[in-house]
Amino acid sequence: DNVDLGELMFSLCYLPTAGRLTITMIKARNLKAMDITGASDPYVKVSLMCEGRRLKKRKTSTKRNTLNPVYNEAIVFDVPPENIDQISLLIAVMDYDRVGHNEVIGVCRVGNEAESLGRDHWSEMLSYPRKPIAHWHPLIEGVVKIKDKVFVVAVIGACSGSAHDSRCMIMQEDIAVEKNQQNKAEKHHTIKHHQALMSIVQ
């Protein structure tokens, strides 16, 4: 069943001479409520992708307690003209959570390899350089957990929902930070303990 996760409006603008790609996050509407209050604290994360690898990422500010956030924030990536055909954008609307992990509300993708609107929007941007082209994009669901790490799945085609579907692209989220910090703390404690033992011996 298709779940209505809401829509995101953003504009794309490419300046070939400067090699500058600008994504302006305008607003979202009818986002899925993620909090017990019946609202969400949404922000948008944009990843610059190339052949399944994330090259760079940027994010907007967080809008508190709303399902219809207005951003009007520009995100800029440097992309030379010779590379513009190889890259795509993976866009995730996230719900900020003060306690625990931030959750994915929904995702969309634009680029030459994207399907339907994602590809059309990209093509329109390339056809009209230096002109911001804005469209609404429906958000799709896509969260998979593998080995304590959360992955975002952007559907390229009519994905079956399987993480092994060749038409699905998987991008690792930065949600294992807390675990890494815990490992560092344990390592630091071990070193301190070792130093204390050494001082006793001496």
Side-chain angles (χ1 to χ4, degrees), residues 2 4-32 34 39-96 102-142 152-157 169 171 173-174:
N2 289 329
D4 186 7
L5 303 175
E7 295 177 288
L8 179 66
M9 176 187 268
F10 57 89
S11 69
L12 300 175
C13 182
Y14 186 60
L15 280 66
T17 51
R20 185 180 303 130
L21 174 61
T22 303
I23 307 98
T24 301
M25 288 300 154
I26 301 172
K27 58 185 175 179
R29 65 186 178 192
N30 303 321
L31 294 178
K32 180 183 177 182
M34 303 294 283
S40 295
D41 298 319
Y43 67 94
V44 184
K45 182 162 64 175
V46 183
S47 297
L48 185 71
M49 309 294 294
C50 180
E51 297 178 350
R53 294 181 300 110
R54 182 170 62 191
L55 304 179
K56 295 178 183 178
K57 63 177 179 178
R58 301 279 190 275
K59 64 181 180 180
T60 67
S61 61
T62 300
K63 302 301 178 182
R64 303 290 184 183
N65 198 35
T66 179
L67 299 179
N68 300 282
V70 177
Y71 296 102
N72 290 321
E73 297 178 31
I75 292 173
V76 180
F77 292 112
D78 292 323
V79 182
E82 59 269 22
N83 300 126
I84 193 68
D85 289 333
Q86 284 83 49
I87 66 110
S88 62
L89 298 172
L90 184 57
I91 300 168
V93 180
M94 310 287 294
D95 175 45
Y96 174 77
N102 298 338
E103 295 181 278
V104 181
I105 298 175
V107 300
C108 64
R109 187 183 181 217
V110 291
N112 282 334
E113 297 179 0
E115 288 295 321
S116 59
L117 181 57
R119 184 183 61 237
D120 294 343
H121 195 175
W122 189 261
S123 298
E124 193 176 353
M125 173 197 74
L126 294 178
S127 298
Y128 299 95
R130 297 175 294 280
K131 179 182 178 182
I133 307 292
H135 285 294
W136 283 101
H137 288 257
L139 298 175
I140 58 170
E141 197 170 31
V152 174
V153 180
V155 181
I156 296 172
M169 180 180 65
M171 180 191 75
E173 277 290 306
D174 299 323

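Since we're looking at a predicted model, the values are computed, not measured. What you see below is based on every heavy atom in this structure, not just the backbone, and it leaves out hydrogens, waters and symmetry mates.
- Sequence neighbours left out, the pairs with a member in residues 116-125 that pass side chain to side chain donor-acceptor pair (under 3.5 Å) are H121-H137, E124-H135.
- Closest of all the heavy-atom pairs between P42 and P69 is CG-CG, 3.6 Å.
- Atom SG of C108 and atom CD1 of I140 lie 8.0 Å apart (nearest 0.5 Å).
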Next on the checklist: What verdict does the side-chain contact (heavy atoms from CB on, under 4.5 Å) test give for V79 and L48, after you've listed the backbone C-alpha separation in whole Å, the side-chain angles of each residue and the deciding distance to 0.1 Å?
Outcome noted: CA-CA 10 Å; V79 182; L48 185 71; 4.2 Å; yes
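- Listed by first and then second residue, the side chain to side chain donor-acceptor pair (under 3.5 Å) pairs that reach into residues 15-28 come to none, sequence neighbours excluded.
- Between L8 and A28, the closest heavy-atom pair is CD1-CB, 4.0 Å.
- Taken to the nearest 0.5 Å, the CG atom of D78 stands 9.5 Å off from the CG atom of L21.
- Looking at S40 and L31, their side chains never come closer than 4.5 Å, going by heavy atoms from C-beta outward.
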Below 3.5 Å, can you tabulate the donor-acceptor pairs from side chains in residues 58-67 to any protein atom, sequence neighbours excluded?
| from | atom 1 | to | atom 2 | distance (Å) |
| --- | --- | --- | --- | --- |
| T60 | OG1 | V44 | N | 2.9 |
| S61 | OG | E73 | OE2 | 2.4 |
| T66 | OG1 | N68 | N | 3.0 |

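- Put simply, CD on E113 and OG on S88 are 6.5 Å apart, with the number rounded to the nearest 0.5 Å.
- Residue F10 holds its CZ atom at 13.0 Å from OH of Y71, rounded to the nearest 0.5 Å.
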Next on the checklist: What verdict does the side-chain contact (heavy atoms from CB on, under 4.5 Å) test give for I87 and F77, after you've listed the backbone C-alpha separation in whole Å, the side-chain angles of each residue and the deciding distance to 0.1 Å?
Outcome noted: CA-CA 11 Å; I87 66 110; F77 292 112; over 6 Å; no
Next on the checklist: For a side-chain contact (heavy atoms from CB on, under 4.5 Å) check, start with the C-alpha distance between W136 and R29, then their side-chain angles and the critical distance, and finish with the verdict.
Outcome noted: CA-CA 10 Å; W136 283 101; R29 65 186 178 192; 3.4 Å; yes
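- The main-chain N or O of D41 is found under 3.5 Å from a side-chain atom of D95 such that the two form a donor-acceptor pair.
- Residues D85 and L126 have side chains in contact (heavy-atom distance under 4.5 Å, counting atoms from C-beta outward).
- Note that the CG atom of L12 and the CG atom of L89 stand 6.5 Å from one another [nearest 0.5 Å].
- Side-chain contact between I133 and S127: absent, with no pair of heavy atoms (C-beta onward) separated by less than 4.5 Å.
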Next on the checklist: Applying side-chain contact (heavy atoms from CB on, under 4.5 Å) to I91 and R109, what does each step give before you reach the verdict?
Outcome noted: CA-CA 6 Å; I91 300 168; R109 187 183 181 217; over 6 Å; no
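- In this structure, CD1 in I105 is found 9.0 Å from NZ in K32, a value given to the nearest 0.5 Å.
- For the pair P16 and P81, the tightest heavy-atom approach, listed with the atom from each and the gap, is O-CG, 3.2 Å.
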